[in-house]
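What follows is one structure encoded as C-alpha cells, with my remarks underneath.
So that the names make sense, note that chain A is the first sequence line, chain B the second, and so on, each numbered from 1.
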There are 2 protein chains.
Amino acid sequence: MAKTQHLDSTEELKSKKSKSERTAERLYEISIDQFLRRGFDQTTMRDLAQAAELSPGAFYYHFPSKEAVIQRFYEQTFAQFAEAAREAMSAHERFEARYMGLLEARLSTFRSSRELLIVLSRTAVDPRSTLSPFGPDQKEIREATIDLMRECIDGSDLSAHAKLRPYLPELLWMYMMGLIFYWVFDTSPEQKQTRELIRLLTPQIIRLIRFSRIPLTGRVLQPLFQVLQLVIPEPLALRQDSNKSTSRE
Amino acid sequence: MAKTQHLDSTEELKSKKSKSERTAERLYEISIDQFLRRGFDQTTMRDLAQAAELSPGAFYYHFPSKEAVIQRFYEQTFAQFAEAAREAMSAHERFEARYMGLLEARLSTFRSSRELLIVLSRTAVDPRSTLSPFGPDQKEIREATIDLMRECIDGSDLSAHAKLRPYLPELLWMYMMGLIFYWVFDTSPEQKQTRELIRLLTPQIIRLIRFSRIPLTGRVLQPLFQVLQLVIPEPLALRQDSNKSTSRE
DNA sequence: GGCATAATTTAAACACGTTCAAAATAAGTC
DNA sequence: GACTTATTTTGAACGTGTTTAAATTATGCC
C-alpha cells in the first residue's frame, strides 16, 4: 500500500520489479524455506541474514519484523486459496457442494505450512496485533475473503430469511475461521478429526440457514438477529461503497 | 506440584508456609502490582527484581517464567470466582438465573485485571502452551470449572435430552470461555457489548437445550450428537473416577 | 558445635529480536 | 563526468527474557 512507483522507465516495464522488491522476494523465499525446515522460533534473524548473505539490519530494511514474513505468506496463500475455491465452486450449483469445496480449498492451500499458521494464530488472537484477521491491517484480505463467501452464496441455490441474508457472508467466514483454528491445533493424524467435523457439522449449519425461512421459528430468530446486529454491526453487504475492482486509470 | 513437604516440624504447622513459599508469594504480589500499574510488557524482569530487592536470577528460582506469574493469578482468581458463583447460584433454582449469576461472577472477578487476561490469551491459544485452558497443565482448574457447571445444572430445573446431558457441563464451559475471550478484547466502554451479548444470547442457548427434549428434532440432533462425540470424546460426567475430594489420610 | 548437604541468591553472561548511526552503493541531474 | 540525492547495507549496539556457575545462607545430623 502507498508504494510510489513510477512506471516510466523501460527497465521497470521489462523486469516489472524494482531491486528492492526482488530482494524482499528473495528474503521471503529464503525465510519461508528456513521456517519450514527448522521451525519459526528455531530460526533466528542471524540465521536468515546468513542464509541470504546479508546483515540482519538489511533484513529490517525490507521487512518490519520477523512476523511480517508470515503476513506476506498469508497474503500469498490467500491468492491460491481464492483461485482454488473459485474453480471448485464453478463445478457446482448446490450450496453445500460449493461451500464444502471452498473449505477444502482453504485447508489444502494451508496444508504444507501448518506450523506457520500456529505462529500466526499465536499473535493473531490479539485484535490489536497487525496479524489479527479481525484488525484493521488485515481489512483487505478479510473483506476479500468475505466477498468470496458472497460469491459462494450468489451462484448457488441457497435460500434464507431476508433479514439473515446480509449477515451470511460474515457468518460463513467466521465458521471457516473457527474451522481453520481447530485444524491448526488438531493433532489427530492428518487432521482427520477436523475433516470429520466439517463433514458432520457443515450440512447442519446449512440446514439451519435454510430453516430460517420457516415463519414459525420467528420467536427464536428475533433475538438471534439482535445478536447478529450486535456482533456484526456493519456487514459488508450493507455497506455503501461495495464497488468491486473498479480500478480507474 | 510434587513438593516434598514434611509436616513434622512445629514451625511449619505454625507458619504453615515455608520460606520459599513466602518469597514466591511476595514476588507474586509485587509482580501483579507492577503489571497492573505499568502493564505486563512494560514491566521488565529487572524491574520486578529491583522492586523485590532481589536479583533476576532469584526470581527464576521461584517462577519458571515471567508468564508463570499470570498462571498463578489465574489459579487465584478461580477460587474467588468459584466462591462468588456458588453464592450467586444458591439464591436461585431457575437455571437461567443460576447460569447468568455464574457468568456474572466470572466477569466481575476478572474485571480489575483485564489486561493480564490479554497476555494470558495471547499464549493460551496454543494448546501446547502451559497456559492453555485446553492443555494438560490446566487440567485441574479446567475440570474444577466444568464441575462447577455441573453444580449449576444439578441444583436447577434444567431439562435436556438424555443423550445431551453428559455433554452439557463441557458445553456450558466452552460457551463461557468464548464469552470471556470476547470480553477480553471487547473495546466498548466497560465492555457493555459483551454484557449485551450475554443478555441476548444466553437465554436462547438455554432454550435450545430445553428444546432438545422434543422428539421431532431428532433428525437435526442426531448429527449434532455425533459432533459432540467427536469434539468431546470423554466428557467429565462419563469418566470412571469422578470422585470428588476424597482425601484419604 | 561442627560439618555435610540442601536451599537460596548473586552477578555476569547468553541469545534473541530489533534499532541506529554511519558507510557503501545506486540513481538522477546539470 | 562530477555532484547531489536516494537507496541499500553494515555491524555494533540495545533491551529483553532467561540461564548458569559460583557464592552465600539456611538446615539437618551426630
**Prompt:** Any chance the side chains of B:Glu75 and B:Gln71 put a donor and an acceptor closer than 3.5 Å?
**Reply:** yes
**Prompt:** Between B:Gly57 and A:Leu54, who's closer to the 5' end of DNA chain D by nearest nucleotide?
**Reply:** A:Leu54
**Prompt:** Quick one: is B:Tyr60 getting a side-chain N or O under 4.0 Å of the D:dT18 phosphate, OP1 or OP2?
**Reply:** yes
**Item:** Any B:Ser65 side-chain nitrogen or oxygen under 4.0 Å from OP1 or OP2 of D:dG17
**Value:** no
[X] [atom1] to [N] [atom2], straight-line distance once rounded to whole Å:
X: A:Phe59; N: C:dT19; atom1: CZ; atom2: P; value: 13 Å
X: B:Tyr61; N: C:dT9; atom1: OH; atom2: P; value: 8 Å
X: A:Asp47; N: C:dA15; atom1: CG; atom2: C1'; value: 11 Å
X: A:His62; N: C:dT18; atom1: NE2; atom2: P; value: 16 Å
X: A:Arg22; N: C:dA26; atom1: CZ; atom2: C1'; value: 12 Å
X: B:Leu48; N: C:dT9; atom1: CG; atom2: P; value: 15 Å
X: B:Phe63; N: D:dG17; atom1: CZ; atom2: P; value: 15 Å
X: B:Met45; N: D:dT19; atom1: CE; atom2: P; value: 10 Å

What nucleotide among [options] has an atom nearest to a side-chain atom of [X]?
X: A:Lys66; options: C:dT18, C:dT10, D:dT10; answer: C:dT18
X: B:Ala58; options: C:dT8, D:dT10, C:dT10; answer: C:dT10
X: B:Thr23; options: C:dT9, D:dG17, D:dG11; answer: C:dT9
X: A:Arg46; options: C:dC16, C:dT10, D:dT18; answer: C:dC16

**Message:** For B:Glu143, is there an ion pair with B:Arg150 - N to carboxylate O distance below 4.0 angstrom?
**Reply:** no
**Item:** Electrostatic pair B:Glu190:B:Arg111 at N-O distance under 4.0 angstrom
**Value:** no
**Request:** Remember a base hit wins even if backbone is also touched, and classify B:Thr44 as base, sugar-phosphate or nothing at under 4.0 Å, heavy atoms.
**Result:** sugar-phosphate
**Prompt:** Do other residues, nucleotides or ligands put more than 12 heavy atoms under 6.0 Å from the CD atom of A:Glu234?
**Reply:** no
**Euclidean distance, B:Leu117 CG relative to B:Phe110 CZ, rounded to 0.5 Å** = 4.5 Å
**Message:** If you assign each of B:Pro56 and A:Glu67 to its closest nucleotide in DNA chain C, which residue comes earlier from the 5' end?
**Reply:** B:Pro56
